Trainee: 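Sharing a structure, written as structure tokens. Questions coming.
Predicted, not measured: the structure shown is a model, and the values here were computed from it. All ligand and atom numbering here is 1-based and tracks the order in the structure.
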Amino acid sequence: MSWFHETLHPEIRESIRIDQPIYQGKTAFQSVEVFVNETLGRVLILDGVVQTTEADEFFYHEMLAHVPILAHGDARQVLIIGGGDGGCLEEVLKHPVDGATMVDLDGEVVELCKQHLPEICRGAFEDPRTDLVIGDGAKYVAETDKRFDVIIIDSTDPIGPGTVLYEQAFYANCKRCLTERGVMITQNGVPIFQREEYLNSLERFRALFRHGSFYYAAVPTYIGGDLAFGWASDGLNLSDVDSAAIAKRYDAVGLETQYYNPEIHRAAFAQPNYLKALGA
Ligand code: SAM
């Protein structure tokens, strides 16, 4: 019997039994592994770190996409940075957006996910509203003249090619690409184990934007309890949740979700005391 051991936290380990190996290889940017686990279904690993699994992808992708889009209320153009598996893209496209641009560094990862994880992207790459750009997300936001109502940074952790997606210059360029009420969302790690990442982002959001903080959801395979989703905006205060408006928009879109609903949306903005103490 063989096991995958995650290497994200040197002092704590998550192990997943490999019941059926599907793919193992290296792209120009990172190592990639896909295997089946009896409970989790297909699992995607990049550079030794769990990215997503068929069983729990919905917790993460629904919270990344629906919270900012329903809070905004009229998102026409959405930008996803990273997100190679297409799970976030699929959730974004459940909304009546005009366009969803996805910029991932690694075209090979996107192709491998289409081939081996079709249950996660569910045809999202074939949607006519999708514009897939293969390239560095940091370079894209530095150069594009397009503007977006929602920017979602669905990145790997700040190691390897994802490191640039946590830097101040990158966030400043994202701000430049936002419309007046536009909002940026980040995958910000599990704060109990990745406190530095949390504090760095908080400091950067506060330096660059009028509003910025975090909301939370526990994603089973991102061990350590709640995952922090960062958010920052000049024109929209996401933590000021208008529950009636969110519920109305949720019903109007007829969203089919497995985790997200308007009550979860409100609850996700409650700040635990140990994070309030850090300034959240
Ligand atoms: N949900 C995942 C997590 O938290 O572990 C992240 C999922 S997604 C597969 C991460 C994607 O970010 C990968 O496809 C990777 O190629 C992409 N990525 C890493 N660095 C990038 C960069 N600088 N620009 C654009 N995409 C990048």
Trainee: Using the rule given for side chain to side chain donor-acceptor pair (under 3.5 Å), can you reason through H66 versus E62, listing the C-alpha separation, both sets of side-chain angles and the distance that settles it, and then say yes or no?
Mentor: CA-CA 6 Å; H66 304 315; E62 290 181 7; 5.4 Å; no

Trainee: Exactly which residues line ligand 1, taking a heavy atom under 4.0 Å from it as the test?
Mentor: Q30, L46, V50, Q51, Y60, G82, G83, G84, D85, V103, D104, L105, D106, V109, G135, D136, G137, D154, S155, T156, P161, G162, V164, L165, Q187, Y222

Trainee: Cut-off 3.5 Å, side chains only: do Q51 and D85 have a donor facing an acceptor?
Mentor: no

Trainee: Which of these, R210, K175, R181, sits in a side-chain hydrogen bond (donor to acceptor under 3.5 Å, both in side chains) with D234?
Mentor: K175

Trainee: What residues join L105 in its hydrophobic cluster, counting side-chain heavy atom gaps under 4.5 Å, either direct or through other members?
Mentor: F29

Trainee: F35: which other cluster members, linking ILVMFWY side chains closer than 4.5 Å, directly or transitively?
Mentor: F4, I16, I18, L40, V43, I45, V50

Trainee: Distance-only check: which donor-acceptor pairs under 3.5 Å involve side-chain atoms of residues 266-280, not counting sequence neighbours?
Mentor:
unit_1, atom_1, unit_2, atom_2, d
R266, NE, S243, OG, 2.7
R266, NH2, V241, O, 3.1
R266, NH2, S243, OG, 3.3
Q271, OE1, Y216, OH, 2.6
Q271, NE2, F214, O, 2.8

